[in-house]
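Quick note: numbers below take in every heavy atom, side chains included, and nothing from hydrogens, waters or symmetry partners.
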Amino acid sequence: VQLQASGGGLVQAGGSLRLSCAASGRTFSMANMGWFRQAPGKEREFVAAITWSGGGTPYADSVKGRFTISRDKAKNTVYLQMNNLKPEDTAVYYCSAKVGGRIITSQVREPSRYDYWGQGTEVTVSS
């Protein structure tokens with residue numbers, strides 16, 4: 001599976017961006033998709049996840065109510081709609097995929113559970 005993330009950019013606080021992650025290859029085997037982010041000097045952290053069937057959409061507490069994850073199976077694409085962006089949302093955002101068996105809910109926040117990663121797209125939120 002290959003993942004191509006896009007949609008990052010520079011936005012003012014309070015603004016919105018929509019990230020996309022296009023998957024190719026053995027997409028029929030995907031079970032979970034996730035978005036993570038990594039700010040300079042910090043560890044990669046969980047943002048949101050979704051099962052390829054469309055259910056189970058946990059969010060990090062820091063983005064709950066502002067970010068929405070969704071997927072379009074026909075386009076093999078996962079989206080992250082980000083509203084009311086804050087300077088602390090500044091990071092490189094990565095999409096990820098798990099193939100084969102689905103990740104259990106309690107483990108979807110763990111980067112090690114995912115098999116494939118996109119190259120990352122940078123989001124900068126100015127104050």
Side-chain angles (χ1 to χ4, degrees):
V1 174
Q2 294 79 45
L3 303 175
Q4 181 70 41
S6 62
L10 173 64
V11 64
Q12 289 188 331
S16 299
L17 283 174
R18 188 177 80 157
L19 306 184
S20 300
C21 177
S24 59
R26 296 172 59 89
T27 57
F28 62 88
S29 63
M30 293 194 300
N32 298 79
M33 299 287 289
W35 283 100
F36 290 78
R37 66 186 183 186
Q38 188 165 16
K42 295 188 177 181
E43 293 187 353
R44 190 168 298 190
E45 66 172 0
F46 171 80
V47 176
I50 190 168
T51 62
W52 196 237
S53 61
T57 54
Y59 294 90
D61 288 343
S62 59
V63 307
K64 202 172 294 183
R66 300 187 297 122
F67 291 11
T68 303
I69 189 171
S70 62
R71 83 325 172 225
D72 185 330
K73 293 182 73 174
K75 295 182 178 179
N76 289 325
T77 300
V78 173
Y79 303 98
L80 185 69
Q81 177 66 43
M82 306 186 296
N83 298 328
N84 190 20
L85 282 160
K86 303 177 180 180
E88 51 264 42
D89 295 318
T90 295
V92 177
Y93 284 71
Y94 298 90
C95 60
S96 57
K98 171 70 170 68
V99 300
R102 188 179 298 180
I103 305 172
I104 62 175
T105 303
S106 62
Q107 296 178 343
V108 294
R109 301 167 188 263
E110 301 173 18
S112 63
R113 301 296 174 179
Y114 295 81
D115 302 307
Y116 298 94
W117 292 84
Q119 84 288 1
T121 185
E122 189 167 3
V123 172
T124 303
V125 184
S126 63
S127 56

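Looking only at distances, no side-chain donor or acceptor of R109 sits under 3.5 Å from a matching main-chain atom of F46. Side-chain atoms of Y94 do not come within 3.5 Å of backbone N or O of G34 as any donor-acceptor pair. Between the side chain of N84 and the backbone N or O of R66, no donor-acceptor pair lies under 3.5 Å. S29 places no side-chain N or O within 3.5 Å of a backbone atom of G100 that could act as its donor or acceptor partner. Judged purely by atom type and a 3.5 angstrom limit, R102 has no side-chain atom pairing as donor or acceptor with the backbone of A31.
Atom-to-atom distance recorded for E43:CD and R37:CZ is 14.0 Å, nearest 0.5 angstrom. To the nearest 0.5 Å, the span separating OG1 on T27 from CD on Q2 amounts to 10.0 Å. Between atom OH of residue Y116 and atom CZ of residue R26 there is a gap of 7.5 Å, rounded to the nearest 0.5 Å. Summarising the geometry, atom OH belonging to Y114 is positioned 12.5 Å from atom CE belonging to M30; distances are rounded to the nearest 0.5 Å. Residue M82 holds its CE atom at 11.0 Å from OG1 of T68, rounded to the nearest 0.5 Å. Annotation: the span from S53 atom OG to N32 atom CG amounts to 8.5 Å, rounded to 0.5 Å.
Identified under the side chain to side chain donor-acceptor pair (under 3.5 Å) test for residues 4-17, with sequence neighbours left out: S16-N83.
The cationic atom of R18 (NZ for Lys, CZ for Arg) lies less than 6.0 Å from the six-membered ring centre of Y79 and within 45° of the ring axis.
Criterion: ILVMFWY side-chain heavy atoms under 4.5 Å apart, direct or through other members. Under it, M33 and V92 are not part of a common hydrophobic cluster. A continuous path of hydrophobic side-chain contacts links V63 to Y93 [ILVMFWY only; heavy atoms under 4.5 Å]. A single hydrophobic cluster is not seen to contain both W52 and W117; linkage of ILVMFWY side chains at heavy-atom distances under 4.5 Å, directly or through other members, places them apart. Taken together through direct or relayed side-chain contacts under 4.5 Å among Ile, Leu, Val, Met, Phe, Trp and Tyr, V47 and L19 form part of one hydrophobic cluster.
Minimum interatomic distance between V108 and P58 (heavy atoms only, all atoms of both residues): CG2-CG, 3.5 Å. Minimum heavy-atom separation, P87 to A13: CD-CB, 4.1 Å. Taking each heavy atom of A23 and V1 in turn, the nearest pair found is CB-CG1, 4.5 Å. In plain terms, the two heavy atoms of S20 and T77 that are nearest each other are CB-CG2, 4.2 Å. The two residues A91 and A39 have their closest heavy-atom pair at CB-N, 3.8 Å. For the residue pair L10 and S126, the shortest heavy atom distance occurs at CD1-CB, 4.4 Å.
Using a cut-off of 4.0 Å between Lys/Arg side-chain N and Asp/Glu carboxylate O, K86 and D89 are scored as not salt-bridged.
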Point to revise | Worked check of side-chain contact (heavy atoms from CB on, under 4.5 Å) between F67 and L85 | key: CA-CA 9 Å; F67 291 11; L85 282 160; 3.8 Å; yes
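For the side chain to side chain contact (heavy atoms under 4.5 Å, CB included) with L80, the qualifying choice from I69, V123, L17, T121 is I69, the only one to do so.
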